[in-house]
Protein chains: 2
Amino acid sequence: MVLSTSTREQIVAAADRLFYEHGFAHTSFTAIADAVGISRGNFYYHFRTKDEILAAVIESRVESTRGMLRQWETGAADPAERIRRFIRIVLTNGADIRDFGCPVGTLTAELAKLRHPARPEATAVFTLFRRWLAEQFTALGHASTADEKALHVLAFSQGVATLANAFGDEDFVHREVDRLEDWLAVQLRPADRFPQ
Amino acid sequence: MVLSTSTREQIVAAADRLFYEHGFAHTSFTAIADAVGISRGNFYYHFRTKDEILAAVIESRVESTRGMLRQWETGAADPAERIRRFIRIVLTNGADIRDFGCPVGTLTAELAKLRHPARPEATAVFTLFRRWLAEQFTALGHASTADEKALHVLAFSQGVATLANAFGDEDFVHREVDRLEDWLAVQLRPADRFPQ
DNA sequence: CAGATATTAGGACGATCGTCCTAAGATCTT
DNA sequence: AAGATCTTAGGACGATCGTCCTAATATCTG
């Protein structure tokens, strides 16, 4: 903990990026060590197994997600505007998503197929978004359906990310964002002619 | 081509299932050969590289998808009912999707991360559904927005599959299916009080 | 400055990977 | 029955994987 960014932090950052771009199983110790510019022996000093570095990456993602959600809370007092910020992630991170998909969704799917023990921890990042979105819907007066609506917004983001990655179609992402923002606007008028 | 199911067909079927359950990169020649009950040498006689077996699996999926779409066409004259059949796949294959996600979406995402040359072929399965759905919307009189609506339905299925796999929540899938069927019903009333 | 500790480099290990080869057995043709 | 072809088995190969070990160097502590 001497340098401004310690070796350990550099390793986690490089592994995070490589897991995202190439997947967990396809990223080797050597690839991470090369990305940081250290030897495999040095890597082994900080992380003894591949599961350890995966756990560190997931923990790092949990923390950065918490930070992002906090930032959205301080940046927007209106719960609807907070939800819109989440909806627009697929635009904000558009290039990465077209290239590599959603970091949360793709890692969760991979760990499920690998039957990896860290799968629940990866899913916890989803739960973080889920609960935060549900809080916003609750604040909007939809407590009884907050979790359902949170999952709907999450499903939107995953569907858009998967197809954006498959087809690389930026216009499609814009259209779907507009569509879900319209849906959100309808939710904000609970006494409208249409139920739910 | 002597037996009712040739060795080659058995290999493709086993590889298809293993690619789905464990991912392409994580499925070895040995695992496929063991699943079929043959030696690795025999496997090599039929498929010389991993890319060859992947191409055969994708081709098999393309064909079975074409067959399924044809069956939906003969089984339902109403284009709206045909679209509903697609929407309900996430229920029909509910157990598999909760365990392993969508076969098309997860393979496409993995090949994208691996920068695999067969990525376009895997995406072609998506395109098959996309064009078929667009045809149905066109038949319903929505030619100008048929492709947009087809992508919307595709995005729904991918989002639902990803979250069903992450959370294993069957009720969520049912709710989302109901929601999209409601959306479809609204699309069928073009002169309604709501535009689009 | 000297000793203890933290950090790094680089190679070795057993296992597994995709790939390839050779030879034996099964099947078909005539 | 005999020869040609198709199909199968099983092992060997080089490369890479995750893991581990040892020794050298950097840094901190007194």
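Just so it is clear: chains get the letters A, B, ... in the order the sequence lines come, proteins before strands, and each one is counted from 1.
Annotation: cation-pi pair A/R131/A/F126 absent, no NZ/CZ under 6.0 Å from the ring centroid and within 45° of its normal. The side-chain tip of B/K50 points at the ring of B/F24 from less than 6.0 angstrom away and within 45° of straight on. Cation-pi geometry between A/R48 and A/F43 is not satisfied (NZ or CZ under 6.0 Å from the ring centre, within 45° of the ring normal).
In this structure, CD1 of B/I32 is placed 11 Å from P of C/dT19, rounded to the nearest angstrom. Distance CG (A/D34) to P (D/dG18): 12 Å, rounded to an integer number of Å. In this entry the distance linking CZ of A/R8 with C1' of C/dT8 reads 17 Å, nearest Å. Distance B/D51 CG to C/dC17 C1': 14 Å, rounded to the nearest Å.
For A/E81 and A/W72, the side-chain atoms include no donor-acceptor pair closer than 3.5 Å.
Ion pairing between A/E181 and A/R88 holds under the 4.0 Å rule for side-chain N and carboxylate O. Using a cut-off of 4.0 Å between Lys/Arg side-chain N and Asp/Glu carboxylate O, A/R179 and A/E176 are scored as salt-bridged.
Listed for the A/R98 side chain is no donor-acceptor partner under 3.5 Å among the backbone atoms of A/N165.
Residues from residues 37-47 of chain B lying near DNA chain D, meaning a heavy-atom separation below 4.0 Å, are B/I38, B/S39, B/R40, B/G41, B/N42, B/Y45, B/H46 in numerical order. Remark: A/T27, A/S28, A/F29 in residues 18-31 of chain A come within less than 4.0 Å of DNA chain D through at least one heavy atom.
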With side-chain contact (heavy atoms from CB on, under 4.5 Å) as the test, would you mind laying out the steps for B/L54 and B/L111 before giving the verdict?
CA-CA 11 Å; B/L54 174 62; B/L111 296 187; 4.1 Å; yes
